[in-house]
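Here is the structure we will look at, set down as structure tokens.
Because the structure is predicted, anything quoted here is derived from the model rather than measured. Protein chains get the first letters and strands the later ones, always in sequence-line order, with residue 1 at the start of each.
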Amino acid sequence: MKPATPSSMIEITLDTIRREVPHQFTLLQACRSAGIEVPTLCFLDGMTPASACRICMVEVEGSRVLVPACSRQVERGMVVRTDSERVRLARRMVMEFLASSVDLSLAPGAQEYVNRYGARPERYGSKDLPAPATVAQPVKVDNDLYVRDLSRCILCYRCVDACGEEAQNTFAISVAGRGFDARIATEFDRPLPDSACVFCGNCIGVCPTGALIFKSEHEMRRDGSWDESRQTQTDTICPYCGVGCALTLHVQDNRIVKATSPQDHTVTGGHLCIKGRFGWQFVQAPEK
Amino acid sequence: MDLRLSTARESAAEREAVDALLGAEDREASNNPGRDLLLPALLAVQSRAGWVSEGALNYICRRLDVAPADAYGVAGFYRMLSLTPRPPAMAYVCEDLVCRLKGSEDLCLELERRLGPPTQPHRPGNSPWQRSACLGQCDRAPAVLVTRAGVDPEQLSMLETNPSQVLTAVEGRSLSPPPGTDRKIPQLDQKALRLLRRVGRVDPSSLSDYCKHGGYRALPHALHLGPEGVLREVATSGLLGRGGAAFPTARKWEAVANAKAKTHYLVCNADESEPGTFKDRVLLEEDPFALVEAMAVSAFATGCEHGYVYIRGEYPLAAERLAIAVAQARANGFLGARILGSEFAFDLEIRQGAGAYICNSLEGYRGEPRTKPPFPVISGLFRKPTVINNVETLANIPDIVLEGGKAFASLGTKDSTGTRLFCLSGCVRRPGLYEVPLGTTLGALLDMAGSVPEGRTLLAVLLGGAAGSFVGPEDLALPLSFEGTRAAGTSLGSGAVMVFDDTVNPKELMLRLAAFFREESCGQCVPCRVGTVRQEEVLQRILRGEKGSRKQEDLALLSEISQAMRDASICGLGQTAASAIQSGLARFGDLPAEGKR
Ligand SMILES: Cc1cc2nc3c(=O)[nH]c(=O)nc-3n(C[C@H](O)[C@H](O)[C@H](O)COP(=O)(O)O)c2cc1C
Ligand code: SF4
Ligand code: SF4
Ligand code: SF4
């Protein structure tokens with residue numbers, strides 16, 4: 001993005017303080033540049049906002065409903081409140097809805113919001129109330145590289161977009177079903193190896209909740225051996241071809257346990273292919 | 001795109017159905033037909049085979065160059081498509097508010113006894129019936145839609161029906177033709193009718209009869225006035241949209257007319273699915289040429305070359321009659337190139353819905369509403385400037401052009417000009433479609449329909465459908481205008497007026513409303529996807545009558561759920577999902593625990 005010239009700056013009011021911001025900014029960018037923190041779950045820098053989770057809602061004077069900061073562009077004279085009663089209620093309820101229906105235990109960011117906004121998911125059912133509906137379902141293990149634990153899925157659309165037009169152009173997965181039954185699926189719920197999936201792992205890279213997770217990590221977590229405090233990260237360049245993808249190898253006890261790529265890297269934008277993402281599994285023989 | 005398809009192949013019948021729509025496959029052809037044909041192709045297979053198999057999906061994907069996971073997601077979005085085998089004949093039994101009052105639950109019980117439990121949408125099952133949301137036939141409840149797949153697929157709306165008729169329909173070899181359409185509208189003072197003036201009096205499949213009854217006078221006049229002239233009259237008329245949002249039509253039109261981007265689209269929203277609403281269906285079934293003429297005028301004013309009518313899949317007769325009207329209009333120079341010898345060219349296509357949102361559905365995606373802005377007038381169908389108007393809104397256009405906007409504005413109230421169609425159903429003696437000037441009081445409207453049956457008293461009226469709110473016997477003086485209802489904290493919405501008397505158990509109404517929103521949520525955004533489920537759960541908890549403080553806590557919780565859905569949902573569905581329930585809770589207070597239906 002070009003640095004904004006002064007003529008393209010416009011004035012808006014953020015939490016009672018007037019500020020000049022570039023006219024092409026979203027409200028989220030404007031807030032961040034002003035040091036105001038706005039929570040996000042489905043939003044990911046570099047991808048088109050899905051505006052689906054509704055945690056980033058802010059109040060804009062004159063608007064009947066709250067507006068999503070991630071996608072709404074600033075307009076001259078906008079008066080925005082990011083911490084009003086209405087805003088806090090909406091965010092608290094979004095977190096109650098998610099925490100009462102989805103397993104957020106591998107989503108530290110989401111858990112932090114549960115606490116920050118005082119969400120009380122137990123209101124929807126606890127020991128003496130009927131259990132609320134949840135998205136709990138068996139883990140899908142159908143290949144050696146990654147598993148799908150959709151009980152953790154918040155339907156942020158990131159994986160679908162990363163697999164589709166935003167990065168991979170493979171369109172192996174999509175949202176199927178609708179309403180509360182909506183879920184991430186391949187066609188006719190086929191196993192991944194029978195689908196169009198090329199195992200680039202880009203969907204794992206963007207998944208914010210651990211719903212899509214390396215099989216190695218899934219297994220280590222299951223047997224209790226996953227320990228991030230014992231892990232180190234090594235940045236390198238993927239050796240498999242000449243493109244020069246940045247690769248971060250996560251190492252625990254002298255073994256590579258997963259591979260990621262920095263979201264802000266100019267070559268990858270966080271995305272890799274099967275060799276960079278999973279190649280380490282082949283160079284180091286699996287533990288028997 | 002490099003498609004990776006499974007080995008499942010289409011059957012000859014499935015291929016034939018798709019080819020009838022897309023033309024035979026030409027593997028040498030360099031470009032595929034557009035993705036916007038995905039839903040029509042899926043519907044073609046559904047109506048030929050009764051369901052969409054993996055092989056059929058693969059064939060459609062290959063023809064349209066769409067990834068199978070993507071197409072699977074689209075197919076699974078629509079209720080009238082099945083991805084698992086189904087019997088050829090299926091009965092969709094309305095279980096919504098009004099049909100419920102008229103015995104649909106008894107009908108379901110009897111079907112369950114004879115045919116087994118209903119099939120659940122998108123779940124495996126071979127029972128030939130399933131429950132359905134409102135079918136838009138509330139004045140002739142209980143209603144059932146029967147579809148029969150095959151070479152000549154059939155669809156039949158069965159009205160005021162009973163179990164043996166439904167059984168005969170699903171078990172027979174073919175559907176008997178629709179019973180003689182007795183569409184006399186109940187309104188006594190026919191002189192006051194404008195939108196309904198031809199209903200029941202004109203042959204809906206005859207262009208010449210339409211012309212004899214005043215048809216095709218507005219279009220030549222519009223060509224004479226020029227686009228600016230038409231826009232000016234529409235602006236003067238003060239016409240507000242009749243689809244529910246009451247947005248000024250002229251403002252939309254001007255935005256599109258002035259939009260620089262090439263290719264403008266006109267979309268007529270005939271996807272009437274608000275429970276209790278059937279006005280657009282009556283207009284389409286009984287006066288389809290009027291819509292075709294109105295759309296040509298609207299397209300002329302807004303510079304649209306192409307139009308679509310997105311008509312809900314549950315309206316077979318309306319779709320059939322509109323198709324006849326379009327074909328006749330085209331054959332006689334009222335559609336196509338050089339309309340009436342002028343430079344103006346416009347044509348329109350009918351797209352059948354399968355139950356969801358129009359713009360994305362027309363493009364072949366899951367019917368998930370987009371976040372606005374951008375608004376459709378800037379970036380709508382195929383990202384082009386698009387006018388989207390409701391059938392009734394458009395139906396007002398010919399008179400506005402002919403009589404002038406001023407004459408139109410003299411009807412109704414200052415801020416709510418013209419007449420409005422109201423769909424009366426439930427506990428009234430003469431249910432049906434009524435046309436009255438905006439500003440008519442609720443009491444006067446109920447009187448026209450004969451009010452509640454002898455010996456009963458009025459309990460409440462649900463105004464504006466599921467997205468509306470309850471008003472009561474104390475509101476009979478309420479003027480039915482946009483500003484009048486707004487001032488009273490309610491809205492006209494889609495024009496649904498569902499009347500309930502003292503034999504009705506409000507608890508049942510509220511629970512059905514909650515179930516409706518849960519079922520209709522598209523699932524895209526958290527407040528609505530989860531909120532509608534939580535709303536139903538908490539409401540059930542309250543209505544089960546757990547004692548003491550929990551009820552107060554739960555009422556407070558419901559109100560917080562309601563506020564979050566209203567404030568944070570993407571579209572109007574989630575934003576209004578608590579409106580009727582909240583107004584019902586306030587009105588019915590301590591709900592009777594039992595008795596009554
Ligand atoms: C949940 C929801 C359901 C709607 N249903 C309908 C409908 O059934 N028919 C309709 O014409 N408009 C419906 N609308 C309104 C349309 O989005 C749109 O505003 C309308 O078609 C515009 O036409 P109008 O300005 O002529 O009213 C609905 C809107 C929402 C949010
Ligand atoms: S691994 Fe790659 S191809 Fe496979 S589903 Fe994920 S993003 Fe799509
Ligand atoms: S699987 Fe992960 S990335 Fe995909 S929608 Fe669910 S939470 Fe988002
Ligand atoms: S409000 Fe409901 S129907 Fe509308 S986008 Fe959100 S989930 Fe879908």
Side-chain angles (χ1 to χ4, degrees), chain A residues 41 49-55 57 59 64-66 68 71-73 86-87 89-94 96-98 100-102 123-125 129-130 132-133 154-155 157 160 163-164 169-183 185-190 194-198, chain B residues 1-6 8 54 57-58 61 66-79 83 122 356 366-368 371 373 518-534 537-538 540-541 546 550 553-554 557 560-561 563-570 575:
Chain A
L41 286 171
S51 301
C53 74
R54 317 305 274 182
I55 192 74
M57 304 307 277
E59 194 168 342
R64 190 175 43 86
V65 292
L66 302 178
S71 58
R72 177 64 67 88
Q73 210 177 327
R86 268 173 88 191
V87 167
L89 179 111
R91 291 180 185 168
R92 171 161 57 83
M93 297 303 283
V94 163
E96 282 190 4
F97 291 160
L98 286 176
S100 63
S101 57
V102 183
R123 296 202 283 174
Y124 303 93
L129 290 173
I154 60 169
L155 275 183
Y157 289 69
V160 176
C163 185
N169 253 304
T170 296
F171 298 92
I173 49 177
S174 127
V175 179
R178 78 175 193 189
F180 198 71
D181 293 332
R183 65 196 185 278
T186 57
E187 64 276 19
F188 292 90
D189 294 308
R190 296 177 145 272
D194 296 350
S195 77
C197 175
V198 296
Chain B
M1 194 193 306
D2 253 349
L3 291 184
R4 193 172 149 202
L5 301 170
S6 72
E54 191 169 350
L57 192 88
N58 282 344
C61 287
V66 174
D70 196 356
Y72 180 76
V74 171
F77 191 86
Y78 298 96
R79 286 281 154 72
L83 291 159
H122 295 299
R366 290 166 57 81
E368 292 169 353
T371 296
R518 173 183 41 77
E519 285 165 4
E520 295 305 312
S521 169
C522 82
Q524 185 181 198
C525 67
V526 174
C528 171
R529 178 177 75 239
V530 188
T532 53
V533 172
R534 296 291 177 255
E537 288 170 349
V538 178
Q540 282 171 344
R541 231 150 70 180
E546 288 167 52
R550 173 140 302 152
E553 271 170 41
D554 277 348
L557 176 54
E560 290 190 2
I561 295 173
Q563 194 182 333
M565 289 197 290
R566 188 174 61 238
D567 269 351
S569 294
I570 292 181
Q575 289 163 9

Response to the item:
Honestly, the part of T186(A) sitting under 4.5 Å from a heavy atom of chain B is backbone
Worksheet entry | Minimum heavy-atom distance P68(A)-T371(B), with the two atoms named | CG-CG2, 4.1 Å
Worksheet entry | Worked check of side chain to side chain contact (heavy atoms under 4.5 Å, CB included) between D567(B) and M57(A) | CA-CA 9 Å; D567(B) 269 351; M57(A) 304 307 277; over 6 Å; no
Worksheet item: Do the non-hydrogen side-chain atoms of Q563(B) and R86(A) ever get within less than 4.5 Å of each other?
Response: yes
Discussion item. With a 4.5 angstrom heavy-atom cut-off, is it the side chain or the backbone of P49(A) that approaches chain B, or both, or neither?
Written reply: neither
Fill in: Student check: side-chain heavy atoms of I561(B) and Y124(A) closer than 4.5 Å
yes
Worksheet item: chain B: which of A50(A), A185(A), S100(A) shares the most heavy-atom pairs with it under 4.5 Å?
Response: S100(A)
Worksheet item: Top residue by heavy-atom pair count (under 4.5 Å) with chain A, among C525(B), C528(B), G76(B)?
Response: C525(B)
Fill in: R54(A) side chain to A568(B) backbone, donor-acceptor under 3.5 Å
yes
Worksheet item: Would you say the side-chain atoms of R4(B) pair up with the backbone N or O of S195(A), donor to acceptor, closer than 3.5 Å?
Response: yes
Worksheet item: Relative to chain B, which of A176(A), A196(A), A52(A), S101(A) shows the most heavy atom pairs under 4.5 Å?
Response: A52(A)
Worksheet item: Taking all non-hydrogen atoms of both residues, which atom of F171(A) and which atom of A67(B) are closest, and how far apart?
Response: CB-CB, 3.3 Å
Worksheet item: Which bit of S569(B) is near chain A, if near means a heavy-atom gap under 4.5 Å: side chain, backbone, both or neither?
Response: backbone
Discussion item. Working note: R534(B) + E96(A), criterion salt bridge (Lys or Arg N to Asp or Glu O under 4.0 Å); need CA distance, chi angles, decisive distance, verdict.
Written reply: CA-CA 10 Å; R534(B) 296 291 177 255; E96(A) 282 190 4; over 6 Å; no
Discussion item. Applying ring pair (Phe, Tyr, Trp, His ring centres under 6.0 Å), can you list everything that pairs with F180(A), at least two apart in sequence or on another chain?
Written reply: none
Fill in: For R529(B) against L98(A), the heavy-atom pair lying closest together
NH2-CD2, 4.3 Å
Practice prompt. Could you tell me whether the side chain of R123(A) and the main chain of D554(B) form a donor-acceptor pair under 3.5 Å?
Written response: no
Practice prompt. Under 4.5 Å, counting heavy-atom pairs only, tell me which of V94(A), I55(A), L89(A) racks up the most with chain B.
Written response: L89(A)
Worksheet entry | Shortest non-hydrogen separation from A172(A) to A69(B) and the atoms involved | O-CB, 3.1 Å
Item to complete: Spell out, as yes or no, whether a donor-acceptor pair under 3.5 Å connects the side chain of R178(A) to the backbone of G523(B).
Response: no
Practice prompt. Under 4.5 Å, counting heavy-atom pairs only, tell me which of L57(B), T532(B), V538(B) racks up the most with chain A.
Written response: L57(B)
Worksheet item: Taking A90(A), A182(A), S51(A) one by one, which has the highest count of heavy-atom pairs under 4.5 Å against chain B?
Response: S51(A)
Response to the item:
Note: vs chain A, highest number of non-hydrogen pairs under 4.5 angstrom among L3(B), I570(B), D70(B) is I570(B)
Item to complete: Using the test side chain to side chain contact (heavy atoms under 4.5 Å, CB included), find all partners of V87(A) that sit at least two apart in sequence or belong to another chain.
Response: E59(A), L66(A), S84(A), R91(A)
Discussion item. Set out, in order, the CA-CA distance, both residues' side-chain angles and the distance that settles side chain to side chain contact (heavy atoms under 4.5 Å, CB included) for D181(A) and H122(B), then state yes or no.
Written reply: CA-CA 10 Å; D181(A) 293 332; H122(B) 295 299; over 6 Å; no
Worksheet entry | Validation row: S6(B), E187(A) side chains within 4.5 angstrom (heavy atoms) | no
Item to complete: Against chain A, label Q524(B) side chain, backbone, both or neither, depending on which of its atoms sit under 4.5 Å from a heavy atom there.
Response: both
Worksheet item: Checking heavy atoms, do the side chain of I154(A), its backbone, both or neither come under 4.5 Å from chain B?
Response: backbone
Worksheet entry | Per-residue contact mode, Q575(B) against chain A (heavy atom under 4.5 angstrom) | side chain
Worksheet item: Would you say the side chain of D189(A) lies within less than 4.5 Å of the side chain of Y72(B), judging by non-hydrogen atoms?
Response: yes
Fill in: Which portion of R566(B) sits near chain A, non-hydrogen atoms under 4.5 angstrom
backbone
